[in-house]
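FYI, the numbering just counts along the sequence from 1.
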Amino acid sequence: MGGRPKTLSADKQELAIQLYEAKKTSVKKICEMLEISKPTLYAYIRASVKQSINI
């Protein structure tokens, strides 16, 4: 496999997804807390959705 390494560990990815789905924390605040960009956050969310559909 090639490509750029993931920015966040699996634990932090899970945290980001949980915060996003809870809808109590803004996207901007989640990105600031985890030091990632909005597109990166949305990429993790898309990957999570795809993974849950395949299960």
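In this structure, CD on Q18 lies 11.5 Å from OG1 on T25, to the nearest 0.5 angstrom. The NZ atom of K28 sits 13.0 Å away from atom CD1 of I30, with the distance rounded to the nearest 0.5 Å. Taking OG1 from T7 and CD from E35, the interatomic distance works out to 11.0 Å, rounded to the nearest 0.5 Å. Between atom CD1 of residue I45 and atom NZ of residue K50 there is a gap of 13.5 Å, rounded to the nearest 0.5 Å.
Contact between K12 and L34 at its shortest, heavy atoms only, is O-CD1, 4.1 Å. Here the shortest heavy-atom pairing between I17 and Y44 reads CD1-O, 3.8 Å.
Surrounding CD of E32 are more than 12 heavy atoms belonging to other residues, nucleotides or ligands, all under 6.0 Å away.
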